[in-house]
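Encoded as structure tokens, the structure appears first; notes follow it.
A quick note: this is a predicted structure, and the numbers were derived from the prediction, not measured.
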Amino acid sequence: MTALQQHVLPPINDPSVHTEIDRLARRYLDAGGLGLDILNTVGTSAEHLIERLPGFVRGRLDRLTRNALMRAFDAAEGSRKVVRDRGEWFNRLVSTASGAAGGVAGLPGAIIELPFTITMFLRAMLEIAEEHGLDPQSEEVRAECLRIFAAGGPMAQDDGADLALLAARLSITGQTVQTLITRVAPRFAVVLGQKLAAQATPIFGAVAGASINYTFARYYQELARVHFGLARLSRETGIPKEALIEALRMSIERIQKPRRARRS
């Protein structure tokens, strides 16, 4: 029994809410699908990717990730003041170009490119939060962005882990955001390790770097639309977010059944 099911959640009787939940569930399930197809197209695999990284890279990845996350919020917010929001395709395009540039230089280039790429991912999330009527500078939105970053990533196999993270209660104040970054960084480092390992094979170069960054940019944008879509739906309807997340889980299970049947 999940933590959500241990509480008595109010029923959702409004059909329009269920329609919106189903839409978010499809978006959630499709977030990484196209990305995996792209990765397979360029000839790489999501299996055992981190094992391909040199030991010194794996050892530094946690620290690199933590530092990049700490700086990314200020950089993302600052960039929005200099360059106005241009929509998700602009962010995907810039992230893709960054991946191509990093891919040309192989693994060293990918490591140098990483902080900029994280900033672009975060900028896209902040734009989506504002689009959903939330304050992109609030601690609540910052915490939600970190929760998104801690998801398994487009190459992960366990969607359930991502949904559990969405449901987790993370109490955040201005004094504890740094603490949350410290908690999130190791999980996000594993995700970034998959990305770096996939880019580390020199044969792919710029093509792999561009494709992988496009995959990650699209994935995090789609997850942001699910997270902030639930937040807006809760605010507009007065339904507790926990009840909406449970409805999302049930919708995901319902949609997955025929998909799994077709694959089998």
Side-chain angles (χ1 to χ4, degrees), residues 31-32 35 39 44-77 95 98-99 101-103 105-126 139 141-166 168-201 208-209 212-213 215-217 219-221 223-224 227:
L39 290 176
T44 190
S45 168
E47 296 178 0
H48 309 300
L49 286 177
I50 297 180
E51 295 174 6
R52 302 180 190 177
L53 289 175
F56 78 92
V57 174
R58 295 197 298 270
R60 291 180 53 196
L61 202 49
D62 276 6
R63 186 172 72 253
L64 176 67
T65 304
R66 188 179 303 110
N67 292 339
L69 284 173
M70 287 180 175
R71 296 188 180 101
F73 281 105
D74 291 337
E77 290 171 356
S95 298
S98 172
L107 183 60
I111 293 175
I112 294 172
E113 159 252 325
L114 205 57
F116 176 80
T117 297
I118 291 173
T119 299
M120 290 307 302
F121 292 164
L122 181 57
R123 176 188 166 121
M125 292 182 201
L126 295 177
E139 301 300 337
V141 167
R142 288 192 173 207
E144 202 65 42
C145 289
L146 288 171
R147 189 182 280 110
I148 294 167
F149 272 137
M155 290 185 279
Q157 301 299 316
D158 185 6
D159 289 335
D162 294 354
L163 191 59
L165 190 68
L166 172 60
R169 285 184 172 274
L170 299 178
S171 179
I172 305 303
T173 67
Q175 289 71 40
T176 61
V177 167
Q178 301 300 323
T179 302
L180 180 57
I181 288 177
T182 301
R183 290 170 53 193
V184 164
R187 185 180 178 105
F188 189 35
V190 174
V191 177
L192 295 180
Q194 292 177 320
K195 171 179 140 56
L196 288 177
Q199 290 180 240
T201 307
I212 292 163
N213 268 28
T215 298
F216 274 73
Y219 175 78
Y220 287 123
Q221 285 174 333
L223 250 61
H227 280 242

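Here the straight-line distance linking atom CG of Leu122 with atom CZ of Arg142 works out to 8.5 Å at 0.5 Å rounding. In this structure, CG in Asp62 is found 6.0 Å from CZ in Arg66, a value given to the nearest 0.5 Å. Rounding to the nearest 0.5 angstrom, the gap separating the CZ atom in Phe73 from the SG atom in Cys145 is 5.5 Å. Once rounded to the nearest 0.5 Å, the distance linking CD1 of Ile148 with CE of Met125 reads 5.0 Å.
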Q: Evaluate the side-chain contact (heavy atoms from CB on, under 4.5 Å) criterion for residues Gln194 and Ile212: first the C-alpha distance (whole Å), next the side-chain angles of each, then the deciding distance (0.1 Å), finally the verdict.
A: CA-CA 10 Å; Gln194 292 177 320; Ile212 292 163; over 6 Å; no
(Q) Show, in sequence, the C-alpha distance, side-chain angles and deciding distance for Arg147 and Val184, and conclude whether the side-chain contact (heavy atoms from CB on, under 4.5 Å) test is met. (A) CA-CA 7 Å; Arg147 189 182 280 110; Val184 164; over 6 Å; no
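With sequence neighbours left out, the side chain to side chain contact (heavy atoms under 4.5 Å, CB included) criterion links Thr65 to Leu61, Leu69, Ala185, Phe188, Ala189, Leu192. Partners of Arg58 under the side chain to side chain contact (heavy atoms under 4.5 Å, CB included) rule, at least two apart in sequence or in another chain, are Ile50, Leu53.
Under the side chain to side chain contact (heavy atoms under 4.5 Å, CB included) rule, Phe216 has a single partner from Val191, Thr117, Ile118, which is Val191.
Within the 4.5 Å cutoff, no side-chain heavy atoms of Thr119 are placed close to those of Arg71.
Using the six-membered ring where Trp is involved, Phe149 and Tyr220 have ring planes that are perpendicular, over 60° apart on the 30 and 60° scheme.
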